[in-house]
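The block underneath contains the structure these notes are about, expressed in structure tokens.
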Amino acid sequence: MVPQVFLKKLIDSGKEVHDQFLVKWTENMKNFNKTKDMQRDDVFIAAIEDCVKNDHKLLNALLNPGLIYLSNQSNSLHENIKNSVSGCFASNGKFKTLDNLLGVDRVDLLKEARVNLPIVYSLPVFGKMIVMLGRMFTGKKKK
């Protein structure tokens, strides 16, 4: 029972995390901001871990390699489930990185965020003109 719940939460949480990061990154790109999690894999993985700890409590509780490994040894599990759960482990007996488990790739997510932007934002010349005109007429925002 635990391996099935684990796999279901991985799939569901993967979609939610993907959508959450996609919306956040698209908004950042509309404002011409690049965050560190967009640029570096290690920061991206840390951001995903933080997201799972805060927003996906059940999945966070299930991310115990010992629990999942032992529950996967049950004879009553279907072979497909055993193979799927075994694929979550790296060769050293630990889980693969969380971005791999959830199926969220930083580079693919960036490409998808760029596709979601209006064409004006993806062309460098127009983007710089928009920023310049925005600063001329509205001024810099105070933080």
Exercise for review: Before giving the answer on side chain to side chain contact (heavy atoms under 4.5 Å, CB included), spell out for L102 and L59 the whole-Å C-alpha distance, their side-chain angles and the decisive distance to 0.1 Å.
Suggested key: CA-CA 11 Å; L102 295 173; L59 178 61; 3.9 Å; yes
Find the distance between [atom1] ([X]) and [atom2] ([Y]) and round it off to the nearest 0.5 Å.
X: S13; Y: H18; atom1: OG; atom2: NE2; value: 14.0 Å
X: L110; Y: D105; atom1: CG; atom2: CG; value: 9.5 Å
X: L7; Y: L101; atom1: CG; atom2: CG; value: 10.0 Å
X: C51; Y: D37; atom1: SG; atom2: CG; value: 11.0 Å

Exercise for review: Any chance you could lay out the side chain to side chain contact (heavy atoms under 4.5 Å, CB included) test for N28 and K24, step after step, and finish with the verdict?
Suggested key: CA-CA 6 Å; N28 281 335; K24 184 173 103 176; 4.2 Å; yes
If you look at every heavy atom in [X] and [Y], which pair is closest and at what distance?
X: K30; Y: L117; value: CG-CD2, 3.4 Å
X: M29; Y: A113; value: SD-CB, 3.7 Å
X: I81; Y: Q4; value: CD1-CG, 3.6 Å
X: R40; Y: D42; value: NH2-OD2, 2.6 Å

Exercise for review: If a pair satisfies salt bridge (Lys or Arg N to Asp or Glu O under 4.0 Å) and one of its residues is in residues 8-19, list it, with sequence neighbours excluded.
Suggested key: K8-D12
Check your understanding: Pick from I68, L58, V52: which one makes a side-chain contact (heavy atoms from CB on, under 4.5 Å) with L63?
Key ->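 One option only clears the test, and that one is V52.
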**Study point:** Side chain D108, main chain V104, donor-acceptor under 3.5 Å
**Key:**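 Side chain of D108 to backbone of V104: no pair is present.
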Exercise for review: Output, in order, the C-alpha distance, side-chain angles, deciding distance and verdict of side chain to side chain contact (heavy atoms under 4.5 Å, CB included) for Q20 and D55.
Suggested key: CA-CA 11 Å; Q20 184 178 352; D55 300 337; 3.4 Å; yes
Practice item. Decide yes or no for R106 and D99: does some side-chain heavy atom of the first lie under 4.5 Å from some side-chain heavy atom of the second? Key: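 Answer no - side chains too far apart.
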Check your understanding: Is there a side-chain contact between C88 and F6 (heavy atoms, below 4.5 Å)?
Key ->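 C88 vs F6: side chains touch.
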Linking I/L/V/M/F/W/Y whenever any side-chain heavy atoms sit under 4.5 Å apart, do [X] and [Y] land together?
X: L109; Y: I45; value: no
X: L98; Y: V5; value: yes
X: F89; Y: L67; value: yes
X: V17; Y: F95; value: yes

**Study point:** Those residues that, when tested against F44, pass ring pair (Phe, Tyr, Trp, His ring centres under 6.0 Å) (two or more places apart)
**Key:** F21, W25
